[in-house]
Participant: 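Just dropping this structure here.
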There are 2 protein chains.
Amino acid sequence: MDAGGGAGEQLSLAAVRDQLIREEDSIVFSLIERAKRPRNAPAYSSAGAGGSLAEFFVREAEVLHAKAGHYQKPEDIPFFPQDLPPPLFPTKGFPKVLHPSASRVCVNDAVWKMYFDELLPLFTADGDDGNYAETVALDFACLQALSRRIHCGKYVAEVKFKDSPQDYTPPIHAKDSNALMNLLTFKEVVEKVKKRVEKKARIFGQNVTLEEDTVNKQDGNARDSECKVDPKVLSKLYDLWVMPLTKDVEVEYLLLRLN
Amino acid sequence: MDAGGGAGEQLSLAAVRDQLIREEDSIVFSLIERAKRPRNAPAYSSAGAGGSLAEFFVREAEVLHAKAGHYQKPEDIPFFPQDLPPPLFPTKGFPKVLHPSASRVCVNDAVWKMYFDELLPLFTADGDDGNYAETVALDFACLQALSRRIHCGKYVAEVKFKDSPQDYTPPIHAKDSNALMNLLTFKEVVEKVKKRVEKKARIFGQNVTLEEDTVNKQDGNARDSECKVDPKVLSKLYDLWVMPLTKDVEVEYLLLRLN
């Protein structure tokens, strides 16, 4: 989190929302990039004891990112946190705007499973073009963008808690996840976000040409079938996984908020 | 190169152009992503004998990509080719559609210098937000996309040579770079590409909202000042650097074509 994160500054809901909206662009871009390549199944099959290429790549990329100073912020969570090396270069501290328990909240196992088991088959074509190394690097970018967006739920929860502690304190003390989930759910917001990511996929995934194509582009955007990633996959991704997992993060964070 | 690259298949100009057009999207996306972060100068300052964080990151990322099986294709060229490890996972061979000398053609030193010295200050805001690790990872994505696009010039040159060997053979034998450069230059194509990348930056870099904003979006696109990367930077990038460097690759390739 950067916006509104100055020392002593209050986290604002507007700043958190801006960050979430910007993360949407990153998610859409990373999926469009991954969709350049077909499924490339050999990248995911276990090569003996060492696991798959995808697992190897993410593990080693996280080691490198940790050496470079990544994973200092509560929304940047590695998928393989075991034995990550310390930074080799000077890092700058980030203002602590969250409860210290924030670092313990992590749903990356669910993000990993969702991405490889559910999402990948929805937006990549069947096939094998041999570009396995490129493929797993693109997967890593998707995973990072999804994980960051979802773990930004910690900021959402903190802002909501600060706005009305009287509403959140009783269910936190009662460890009542369902009551917290209800407090955090706004149906209109969910529908708006789904529509917006779908629109982003339509705009960012079109084939841009210099000609004005009046037949195919009724509203200045491409037909869905011509988009590099089906816009409906984006609204589904947010509906079934990104927003529910973000709420899991929010609930987990709130349950630790008064420790 | 993938399209039209089946074994024994002829490389077609249409397939090469499609690939170049798709690479434009990757370049625009990667620049928009990098523009999320300000300049972050400390990532580029030398930290003693070890060089800068940016250099460390690219070097180590290339080691990892090589282990994963990258850098097998003539357009995928590392910036630090010395002592790269062999792939640790099975790779699939790619059809050899180029002259064997293709692997020797590399302008990455020029790409590196251009990116850090010229381009970066044009599209990143002044400032330091401390996200150095994220910043250099985004730089690496930009460098890779630019380098791949530029080294696709090898395919362009091969197609053009195959189309009219009678035109290219004399200047190749005479080692006449200027004559080759003239043969490879099509002013109308240059202008078209510049316009298209500018349009892509306008479309992909807009802030997408659900509201139809008729005041600011005369033609369905955002005003340039609201774009995440100034569209004019994209046309300048292509005009001053991407297309000239691609032509350098084409000429270098052709000069080796009859060896």
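Letters A, B, ... are given to chains in the order of the sequence lines, protein chains preceding strands, and every chain is numbered from 1.
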Participant: Check whether any side-chain heavy atom of B:L64 lies under 4.5 Å from a side-chain heavy atom of A:V63, and answer yes or no.
Facilitator: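 In short, these two side chains do not touch, never coming nearer than 4.5 Å.
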Participant: Output yes when a side-chain donor or acceptor of A:Q72 lies under 3.5 Å from a complementary backbone atom of A:F94, and no otherwise.
Facilitator: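 Side chain of A:Q72 to backbone of A:F94: no pair is present.
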Participant: Roughly how far, to the nearest 0.5 Å, is the CG atom of B:L11 from the NZ atom of B:K154?
Facilitator: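 Separation between the atoms: 13.5 Å.
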Participant: Between chain A and each of B:F204, B:Y132, B:Y71, count heavy-atom pairs under 4.5 Å; write down the option with the most.
Facilitator: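 Answer, by heavy-atom pair count under 4.5 Å with chain A: B:F204.
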Participant: Report yes or no: do B:T246 and B:R149 form a side-chain donor-acceptor pair below 3.5 Å?
Facilitator: yes
Participant: Highest number of heavy-atom pairs under 4.5 Å with chain A: which of B:I21, B:D25, B:V136, B:V28?
Facilitator: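 Top count of heavy-atom pairs under 4.5 Å with chain A: B:D25.
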Participant: Go through the atoms of A:K192 and report whether side chain, backbone, both or neither lie under 4.5 Å from a heavy atom of chain B.
Facilitator: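 It is both, since atoms from each part get that close.
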Participant: Given heavy-atom pairs under 4.5 angstrom as the criterion, report whether the side chain, backbone, both or neither of B:I32 touches chain A.
Facilitator: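 B:I32 touches chain A through backbone and side-chain heavy atoms alike.
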Participant: Is it the backbone or the side chain of B:R22 that comes under 4.5 Å from a heavy atom of chain A, or both, or neither?
Facilitator: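 B:R22 touches chain A through side-chain heavy atoms alone.
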Participant: First locate atom CD1 of B:I77, then atom CG of B:N108, and finally report the distance between them rounded to the nearest 0.5 Å.
Facilitator: 6.5 Å
Participant: Highest number of heavy-atom pairs under 4.5 Å with chain A: which of B:P42, B:A43, B:A66, B:G130?
Facilitator: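 Of B:P42, B:A43, B:A66, B:G130, B:G130 has the most heavy-atom pairs under 4.5 Å with chain A.
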Participant: With a 4.5 angstrom heavy-atom cut-off, which part of B:R59 approaches chain A: side chain, backbone, both or neither?
Facilitator: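 Neither part, no heavy atoms under 4.5 Å.
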Participant: Look at the aromatic rings of B:F80 and B:W112 and report parallel, tilted or perpendicular, splitting at 30° and 60°.
Facilitator: perpendicular
Participant: Of all of B:S30, B:P87, B:S26, which one pairs up most often with chain A through heavy atoms under 4.5 Å apart?
Facilitator: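 Maximum pair count with chain A is reached by B:S26.
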Participant: Strictly distance-based, threshold 3.5 Å: is any side-chain N or O of B:R196 a donor or acceptor partner for the main-chain N or O of A:L210?
Facilitator: no
Participant: For the candidates B:D128, B:D76, B:L88, which exhibits the highest count of non-hydrogen atom pairs separated by less than 4.5 Å from chain A?
Facilitator: B:D128
Participant: Using heavy-atom distances under 4.5 Å, tell me whether B:A61 contacts chain A through its side chain, its backbone, both, or neither.
Facilitator: both
